[in-house]
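Following: one structure in structure tokens, then a few remarks.
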Protein chains: 2
Amino acid sequence: MSKQVYKWIGTRPDRPDGADKVTGRARFGADFNMPGQLVGKVLRSPHAHAHIKSIDTSAAEALPGVKAVVTSKDFPDQPNLIVPAGEMQVNLRDITRNVMAREKVLYESHPVAAVAATTDAIANAALALIKVEYEVLPHVIDVAEAMKDGAPILHDHLITEGVTPAPTKASNIAKRIDNAKGDIEAGFKQAEIVIERDYTTQPVHQGYIEPHATLASAAEDGQVQIWSTTQGHFQVRGFCSRLLNIETSQIRVTPTEIGGGFGGKTVVYLEPVAVRLSQKSGKPVKMVMSRDEVFRASGPAPGGTVRVKIGAKRDGTIVAAECTVALQAGAFPGSPVGPACWTSFACYDIPNIKVVGYDVVSNRPKVAAYRAPGAPISAWGVESTLDILAQELRMDPIDLRLKNAAAAKKGTKTSYGPTFDVIGFVETLEAAKNSEHYRSKPKPGMARGVAAGFWFNVGADSSAAAHVAEDGTVTIISGNPDIGGSRASLALMAAEELGIDYDKVRPVIADTSSIGFNFVTGGSRVTFATGLAVVNSVRDMIRELKIRAAAKTWGVDPEGVIWENGAAKPAGSNVGEFEPLSLAQPAATAGKTGGPINGHNQLNAQGAGPGFGVHIVDLSVDRDTGITHIGRYTAVQDVGTAIHPSYVEGQMQGGAVQGIGWALNEEYIYSAKGKIDNAGFLDYRMPVASDLPMIETIVVEVPNPHHPYGVRGVGEVPIVPPLATVGNAIARAIGVRMTDLPMSPPRLSAALDAATPSMAAE
Amino acid sequence: MSKQVYKWIGTRPDRPDGADKVTGRARFGADFNMPGQLVGKVLRSPHAHAHIKSIDTSAAEALPGVKAVVTSKDFPDQPNLIVPAGEMQVNLRDITRNVMAREKVLYESHPVAAVAATTDAIANAALALIKVEYEVLPHVIDVAEAMKDGAPILHDHLITEGVTPAPTKASNIAKRIDNAKGDIEAGFKQAEIVIERDYTTQPVHQGYIEPHATLASAAEDGQVQIWSTTQGHFQVRGFCSRLLNIETSQIRVTPTEIGGGFGGKTVVYLEPVAVRLSQKSGKPVKMVMSRDEVFRASGPAPGGTVRVKIGAKRDGTIVAAECTVALQAGAFPGSPVGPACWTSFACYDIPNIKVVGYDVVSNRPKVAAYRAPGAPISAWGVESTLDILAQELRMDPIDLRLKNAAAAKKGTKTSYGPTFDVIGFVETLEAAKNSEHYRSKPKPGMARGVAAGFWFNVGADSSAAAHVAEDGTVTIISGNPDIGGSRASLALMAAEELGIDYDKVRPVIADTSSIGFNFVTGGSRVTFATGLAVVNSVRDMIRELKIRAAAKTWGVDPEGVIWENGAAKPAGSNVGEFEPLSLAQPAATAGKTGGPINGHNQLNAQGAGPGFGVHIVDLSVDRDTGITHIGRYTAVQDVGTAIHPSYVEGQMQGGAVQGIGWALNEEYIYSAKGKIDNAGFLDYRMPVASDLPMIETIVVEVPNPHHPYGVRGVGEVPIVPPLATVGNAIARAIGVRMTDLPMSPPRLSAALDAATPSMAAE
């Protein structure tokens with residue numbers, strides 16, 4: 001496909017929200033206030049696992065300044081049923097218990113009560129006055145431990161799904177999933193070399209800068225207003241509607257600016273509690289989590305165990321691949337074990353695949369989505385194992401991947417169903433191989449690692465509208481919070497369609513009552529799906545503009561009119577001689593030619609284009625301290641089309657950095673009592689700017705044929721390769737293959753110490 | 001037309017904003033605040049007419065806490081050109097000078113400067129530090145005086161329009177309009193009786209409870225946010241765009257709840273000033289008028305002079321009618337003299353009509369719209385003269401009007417153009433005549449008056465949308481501030497269309513960036529025009545619901561599906577056997593059947609149905625004090641269809657009460673220096689509840705064939721008849737025909753004193 005020439009697509013203007021964000025005008029979750037608002041605070045469990053025998057809130061309620069106290073009694077119980085809330089599939093029984101513990105607390109800091117009071121100090125005092133009687137139970141933190149017979153059982157009703165015959169005994173394994181293609185046994189029989197390894201990863205937090213925050217106001221007539229820092233205000237509406245039995249259209253949720261989410265703000269923690277406190281107190285209630293609460297009680301990504309077995313011919317042709325993933329779901333079922341399984345071998349055209357996944361509960365906070373949920377974990381295992389295979393075969397690791405790369409022309413059918421159409425994995429591998437980085441030698445002391453990654457990207461529901469104002473400037477309205485620069489990408493597409501300047505297009509994110517339904521900002525769907533809705537809305541507007549120009553101004557048939565460079569023009573000389581009518585002209589006379597000129601669209605976007613990335617790192621390991629120093633890092637990725645290249649590169653850089661943190665340092669440290677010992681950014685070590693070089697990016701563009709501008713989605717893929725990219729380089733740097741994350745200084749030191757006698761073993 | 005049977009139309013549920021308004025939750029103009037906001041205040045002219053020789057703001061600027069000072073220099077000058085701003089036709093030169101005086105002040109309290117400061121006290125101190133040097137000029141307040149040769153001229157460039165040949169000299173008469181039908185001279189020759197009288201009315205204020213208020217925040221990148229109590233946030237956007245040269249889509253205006261407008265909140269006073277102060281200070285600026293400022297510097301309705309001459313046959317057939325109206329425009333041209341002329345004889349089928357109007361400037365605040373702008377003034381003259389005619393002919397005043405009533409079956413062509421189609425004046429007169437009130441005798445001491453009134457009602461531009469949420473509840477979005485219960489009327493029509501309960505429909509008023517363009521809430525257009533857009537939006541949604549039910553659920557052709565009682569049903573047994581699908585079912589599965597289910601519409605609504613009213617009063621006059629006591633008052637009106645009868649009745653009652661105030665007491669008292677002496681509700685005497693009986697209403701319903709539910713519009717008509725209704729009753733009560741308003745106790749006493757020797761003369 002030859003590259004299109006665009007006027008706006010592919011340029012790098014400032015983002016529409018940029019000035020507000022650098023001047024401090026932008027209003028984030030904690031910046032919203034209402035007159036008379038109360039402070040809402042949550043009382044949290046000190047135990048990892050315990051029965052709640054009783055809760056006495058009477059002393060708290062009697063404290064002057066306390067206006068409402070809620071416990072699980074204030075929330076309707078819910079059926080053990082998976083239903084959509086804002087089109088997210090949720091188990092109502094579980095989600096209401098995660099918002100407010102009912103019979104049991106299942107993790108340290110699980111909410112057990114909440115108060116609304118006139119001041120922060122009174123709210124804290126009230127929390128101290130709530131008496132909760134617990135019966136402490138044995139707890140289990142680790143996934144492998146939780147799967148063992150005899151492990152403390154979190155949910156007495158939990159019978160493993162997906163196993164035949166159905167077990168009769170409760171277990172911490174919520175679900176087993178199987179995913180296969182070809183004949184795995186026959187496949188391995190063809191193999192001339194088989195590599196099999198076990199890996200583990202640790203849960204990691206999304207680490208958004210802005211803690212969860214909400215302001216809720218419930219009125220006497222049942223109307224509810226919510227301001228929330230969220231990736232999906234329609235989902236906040238849906239969750240609150242379900243959990244509080246409020247009709248959906250009675251709830252109006254306005255998204256604030258969002259200081260990062262990465263998947264972690266697609267669920268609700270505070271909102272239903274704030275609404276309930278507001279209903280009880282009759283006042284607006286504001287709730288803001290501390291960083292400590294964020295770490296202890298908001299969803300991290302799961303940790304897990306991965307066993308990978310790959311069989312290949314001596315020429316590098318992979319003939320069979322098997323992967324078993326067990327993911328920690330936290331206190332309630334629902335880890336992303338599905339995507340972990342489905343993505344595991346998606347990069348490769350392998351005839352025989354078997355993937356098994358387990359969703360496992362343990363006494364940790366319920367996991368939430370985090371960029372490409374599940375995929376980095378299976379990729380850690382698969383891409384490490386491939387690197388071992390390349391080493392064994394003495395093949396270039398990119399060549400090994402090229403030999404086995406999924407490609408449309410091979411008719412690659414995935415293990416999870418679809419057959420790929422236009423994808424750019426081969427192009428991405430080639431771009432990596434041909435990059436200046438890969439063609440150069442690592443600097444002295446540095447070793448190089450390479451790994452790949454895959455993400456589906458998703459479509460789903462979006463609604464949009466476009467309105468032209470009297471002076472010909474345009475507003476485009478969508479309903480997805482802007483996390484990564486989507487206002488800019490939507491405005492660029494609208495400007496391209498309309499043929500007007502980018503700064504004449506104002507993108508606006510509307511609240512749940514002002515625009516039709518939108519699925520979350522996540523899964524790398526907004527520039528694709530909402531972008532499609534915006535493009536369609538603008539086309540709908542152009543259709544009307546042609547009518548106004550043609551029928552109402554020129555007296556010709558609208559089919560004889562084209563829209564070009566921001567103006568209506570006769571399609572040919574047979575239509576008549578007319579001066580082009582620029583957008584401002586029909587806009588100024590809209591009232592006289594039939595009324596406002598608006599465009600609309602809503603869709604369930606089909607055809608999200610899969611994304612592939614290849615990362616390259618040069619690094620060194622300080623053998624004395626175990627500290628890894630990243631010397632150079634390049635992320636290569638097929639993004640379809642980079643609508644706004646700066647924000648595409650930003651996504652690739654951000655994803656890579658988060659993956660590097662996951663690889664090297666991030667983990668939760670639990671005490672023997674099941675309490676988190678490192679709930680803060682000083683002790684939970686995320687990479688900061690000084691830890692890393694500038695991440696280099698190579699944007700590959702293989703346009704997605706299912707989007708008018710070829711968009712695939714960008715944000716998920718770049719967190720998938722880094723874990724193995726870093727691990728593969730470390731293996732080559734120190735000669736020791738690390739299989740357990742994080743590869744932190746103490747672990748690397750220990751591994752080096754253990755390996756010293758046999759450094760050449762791998 | 002036989003009366004339709006509806007489920008929701010015509011019922012009286014609580015308004016959606018009702019609970020918020022009675023509990024105090026509703027947020028009006030002065031209830032919006034932003035962190036760091038400044039207080040904005042206006043320095044106003046102490047003179048009625050003066051050159052501004054200089055303004056020295058240096059001392060004010062130097063005062064600690066003062067963050068910005070603006071004068072006319074801070075506003076771009078504008079051409080003397082009438083252009084649309086939010087589709088309202090405005091003279092840019094004049095409007096910028098009304099917002100901030102430039103060369104001259106033209107009325108007492110005309111703004112000359114404004115400050116933004118950290119506190120109210122500092123802002124006041126800053127105003128006191130601004131030195132303005134004036135050269136005081138002679139002024140003129142009264143319309144008749146202003147029209148005289150030698151009157152002080154307000155605008156040296158103002159040449160009377162509509163006069164041939166064009167005058168060469170500047171004048172206070174901005175415009176003359178002529179409006180004619182038939183041959184007026186020939187008409188009067190046929191007359192067997194001719195009545196001719198001169199009348200005057202005084203300017204009256206709209207008297208909304210809530211003073212003007214705004215909060216504006218201008219960001220560094222040029223984006224502007226405004227909260228405003230207004231009848232048209234799209235017009236606030238348009239005015240600010242024009243006056244400050246800001247692109248329209250860079251401005252986002254959110255309407256607050258509105259504490260009355262009655263036409264007076266269709267213009268801007270504070271908003272451009274607040275924006276400019278915010279731009280200069282870099283902070284949000286809040287401005288709230290005091291009641292004193294509202295009276296002195298916001299638009300009242302005009303006062304004027306009316307000469308009426310009516311010629312009739314002895315049987316009461318009117319053969320010729322002439323009316324000359326001169327209306328006070330205030331400091332800048334633009335009185336509603338057009339509507340005053342066009343409505344003057346619109347109630348009647350008269351073969352020969354001549355109407356002349358003059359738009360006259362004087363040193364008063366520029367007038368603004370007030371319910372049926374202009375119409376009450378000409379009606380005061382016409383309906384008083386008709387009453388004299390009825391007395392002379394010894395005819396029942398309703399019979400006289402019935403004899404001459406405009407009617408579609410007569411093919412009544414108006415003097416201003418259109419020929420009436422379906423109108424209900426005859427039905428309204430008959431309803432009045434047959435009313436219990438009219439059939440009863442006035443109580444002893446009471447005299448009875450009757451008069452009629454007309455208003456066009458208007459259509460214009462509206463945009464709307466309808467969205468169904470996952471649980472089948474519905475949001476309808478429109479862009480007109482709700483003054484008189486339009487949320488309820490829109491929701492009722494949506495519920496009727498959808499066949500679902502009213503409380504499942506949530507009407508939302510969106511800001512300028514979230515819905516397409518909407519013309520002002522005014523002219524009695526919202527339930528008609530925006531109602532039409534809502535009905536069309538809902539029908540668009542139902543069209544989609546049928547597709548989801550049919551094609552996506554039943555696998556049949558959507559044309560084989562009907563929507564009935566809130567559910568999709570097969571149109572006939574040939575389509576197939578299917579259980580009805582209620583709204584909630586396709587709503588719950590929307591994502592799987594094609595995405596969100598939204599409906600949209602935008603239009604320039606045509607076919608607004610003219611409205612007619614007839615009012616009846618029984619009153620007595622205390623001959624000692626001149627106080628008029630209203631004993632009984634009935635408003636009869638054709639409203640087309642009363643969507644929500646309570647709010648229809650409320651409009652009729654409110655209009656009648658405002659008209660009674662206009663008739664009896666309201667006026668501005670000017671000092672010799674041209675300053676208002678009664679700028680407060682204690683001295684400007686509006687009727688209060690204790691002054692009046694409950695206003696009775698008789699709702700006549702002759703459906704407008706151009707609206708799916710027959711809506712005509714209600715709010716304007718009821719202020720038209722009361723002036724003459726009361727005057728006609730007073731004439732019959734005291735035997736003296738009052739021709740000058742208000743008929744206040746001092747004036748009635750004086751008239752009674754003057755008339756005592758000849759009480760039977762009239």
Side-chain angles (χ1 to χ4, degrees), chain A residues 14 16 18-20 23 25 31 33 35 84-87 217 219-223 237-238 241 247-250 252 460-463 465 467 469-471 473-475 477 504-506 508 510-519 588 590-598 600 602-605, chain B residues 14 16 18-20 23 25 31 33 35 84-87 217 219-223 237-238 241 247-250 252 460-463 465 467 469-471 473-475 477 504-506 508 510-519 588 590-598 600 602-605:
Chain A
D14 286 348
D20 276 2
T23 58
R25 282 190 179 278
D31 294 333
N33 297 290
E87 294 195 356
S217 177
E220 289 73 7
D221 64 354
Q223 299 297 316
R237 183 180 72 164
S241 168
E247 286 180 357
T248 311
S249 61
Q250 306 260 57
R252 184 173 190 166
D461 281 4
S462 287
S463 300
H467 305 150
E470 305 97 287
D471 60 355
T473 58
V474 170
T475 307
I477 299 144
K504 305 288 185 223
V505 178
R506 185 70 191 164
V508 165
D511 64 72
T512 55
S513 292
S514 303
I515 186 78
F517 182 83
N518 283 271
F519 195 57
K592 289 174 186 152
T593 60
I597 301 173
N598 308 332
H600 308 282
Q602 48 277 326
L603 46 70
N604 182 283
Chain B
D14 285 347
D20 276 1
T23 58
R25 283 190 179 277
D31 293 334
N33 297 289
E87 295 197 354
S217 178
E220 289 73 6
D221 64 354
Q223 300 297 317
R237 182 179 74 163
S241 169
E247 285 179 357
T248 311
S249 61
Q250 306 260 58
R252 184 173 190 166
D461 280 5
S462 286
S463 298
H467 306 149
E470 305 97 288
D471 60 356
T473 58
V474 170
T475 307
I477 299 144
K504 305 289 185 219
V505 178
R506 184 69 190 164
V508 166
D511 64 70
T512 55
S513 292
S514 304
I515 186 77
F517 182 83
N518 283 271
F519 194 58
K592 289 174 187 152
T593 60
I597 301 173
N598 307 332
H600 307 283
Q602 48 278 326
L603 48 71
N604 181 284

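Letters A, B, ... are given to chains in the order of the sequence lines, protein chains preceding strands, and every chain is numbered from 1.
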Contacting moiety of B:Thr593, where chain A heavy atoms sit under 4.5 Å = neither

Output the option from B:Val474, B:Thr512, B:Ile597, B:Asp20 having the highest count of non-hydrogen pairs under 4.5 Å with chain A.
-> B:Val474

Non-hydrogen side-chain atoms of B:Glu220 and A:Arg25 separated by less than 4.5 Å | yes

Might you point out which heavy atoms bring B:Ala590 and A:Glu87 nearest each other, and give the distance in Å?
-> C-OE2, 4.4 Å

Could you look at B:Ala219 and say if it's the side chain, the backbone, both or neither that has a heavy atom under 4.5 Å from chain A?
-> both

Pick whichever of A:Thr475, A:Asn33, A:Asn598 has the most heavy-atom pairs under 4.5 Å with chain B.
-> A:Asn598

Taking every non-hydrogen atom, the tightest pair across A:Pro596 and B:Leu603 | CD-O, 3.4 Å

Is the closest side-chain heavy-atom distance between A:His600 and B:Gln602 below 4.5 Å?
-> yes

Cut-off 4.5 Å, heavy atoms of chain B, and the answer for A:Thr23 is side chain

Note: vs chain A, highest number of non-hydrogen pairs under 4.5 angstrom among B:Ser514, B:Ala85, B:Ala605 is B:Ser514

Choice from B:Ala469, B:Ala510, B:Gly591 maximising heavy atom contacts with chain A below 4.5 Å | B:Gly591

Among A:Ser513, A:Ser217, A:Ala19, which residue forms the greatest number of heavy-atom pairs with chain B at distances under 4.5 Å?
-> A:Ser513

State, with a plain yes or no, whether a side-chain heavy atom of A:Arg252 is found less than 4.5 Å away from one of B:Val508.
-> yes

All heavy atoms of A:Ile477 vs all of B:Ile515, minimum pair found to be CD1-N, 4.3 Å

Taking only Lys NZ, Arg NE, NH1 and NH2, and the carboxylate oxygens of Asp or Glu, determine whether B:Glu247 and A:Arg506 approach each other closer than 4.0 Å.
-> no

Salt bridge B:Arg237-A:Glu470, side-chain N to carboxylate O under 4.0 Å | yes

Answer key: most heavy-atom pairs under 4.5 Å with chain A among B:Val505, B:Asp14, B:Thr248 is B:Thr248

Closest non-hydrogen atom pair between B:Asp221 and A:Pro16, with its separation | OD2-O, 3.6 Å

Side chain / backbone / both / neither for A:Ala460 at chain B, heavy atoms under 4.5 Å = neither

Among A:Asp31, A:Thr473, A:Asn518, the residue with the most heavy-atom pairs under 4.5 Å to chain B is A:Thr473

For B:Asp471 and A:Ser241 the tightest heavy-atom approach is OD2-OG, 4.2 Å

Interface check, chain B: of A:Lys592, A:Lys504, A:Gln250, most non-hydrogen pairs under 4.5 Å belong to A:Lys504

When rounded to the nearest 0.5 angstrom, what is the spacing between NE2 in B:His467 and OG in A:Ser249?
-> 12.0 Å

